[in-house]
Amino acid sequence: MKKFSPLTTRRQLLLSGAAVALLPSVRALAKSEQAAPPVASRPAEKSSRPAGGKKIVMLDPGHGGVDSGAVGQEGSEEKHIVLEIAHNVRQQLSQHHHIEVRLTRDSDHFIPLAERVEIAHQHGADLFMSIHADGFTSPTANGASVFALSNRGASSAMARYLSEKENAADKVGGVKVQSDNPYLQQVLFDLVQTDTIKNSLTLGSHILKQIRPVHHLHSQHTEQAAFAVLKSPSIPSVLVETSFITNPAEERLLGTTAFRQKIASAIADGIVSFFAEFDRRNQRPG
Ligand SMILES: [Zn+2]
């Protein structure tokens with residue numbers, strides 16, 4: 001089986017046109033990563049929580065630094081576009097005083113996947129959302145999708161493909177993932193995680209409902225796959241693929257402020273309505 005050097009980027013794969021042929025080895029690579037849990041997370045440090053019972057939203061612009069993410073035909077880099085969209089979401093949510101937004105990265109630098117989860121825990125986040133605009137081998141792939149974690153396997157071939165690519169981000173950044181951490185192995189499969197995944201799927205449906213009127217959906221339902229960045233045992237987490245940067249029409253759209261704001265508004269509205277449902281469900285008489 002062909003081996004990848006750590007510096008092999010998905011862009012190089014796509015450019016070589018060999019991505020499809022190499023998929024089995026990419027899969028094997030990602031599989032070994034999936035088995036590797038994130039670095040041990042410390043208990044949430046509540047000290048950084050704001051007063052007044054505000055909800056903390058941790059937005060995670062994908063990629064950054066040495067990892068540019070997917071690159072469109074016109075040369076647009078995913079890492080820049082998703083940071084812009086995250087800024088737009090933060091701006092939209094600033095109108096809601098019961099919500100406070102924090103970002104895993106606010107500039108162009110690389111963060112390992114497990115550290116993104118760790119940052120969310122350190123801030124005591126109530127919700128985690130990774131924002132992307134990925135690529136596919138076919139330039140015709142288009143539309144937005146939302147993903148939640150799966151412990152059992154990917155819900156579709158696209159879900160598997162994208163999770164493998166996202167999980168390979170750490171390879172680009174040269175991160176060595178530790179494996180065989182029994183504590184997290186156990187945590188990943190415990191009931192808390194199952195409940196968190198249920199909440200993540202609810203969050204996903206709120207986001208999809210808001211995106212549906214403004215942009216084509218690649219998949220009508222929240223898909224599931226083993227995304228390393230979604231492996232928080234306790235924080236509802238989703239990954240939003242806003243569009244395919246490898247689709248020339250969508251690359252053009254992603255390059256416009258109007259489209260980025262439209263998607264950001266939909267994401268922000270989805271977050272607000274998720275919290276509203278969550279609060280309604282948790283309200284108890286007396
Ligand atoms: Zn991405």
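Numbering of ligands and ligand atoms starts at 1, following listing order. Only heavy atoms go into these numbers, but all of them, side chains included; no hydrogens, no water, no symmetry mates.
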| query | In terms of heavy-atom contacts, does NE2 of H109 have more than 12 from other residues, nucleotides or ligands at under 6.0 Å? | reply | yes
| query | Taking the N/O/S atoms of E166 one by one, which is nearest to the Zn ion (ligand 1)? | reply | OE2
| message | Tell me every residue that passes side chain to side chain contact (heavy atoms under 4.5 Å, CB included) with L253, counting only those two or more places apart in sequence or in another chain. | response | H215, F259
| task | For the atoms ND1 of H132 and OD2 of D134, give the angle they form at the Zn ion (ligand 1), rounded to 10 degrees. | result | 110°
| field | The single option from Q210, Q92, Q91 passing side chain to side chain donor-acceptor pair (under 3.5 Å) against S265 | value | Q92
| said: Tell me which N, O or S atom from E78 is the closest to the Zn ion (ligand 1). | reply: OE2
| Aromatic rings H98 and H96: how do their planes relate, parallel, tilted or perpendicular, breaks at 30° and 60°? | perpendicular
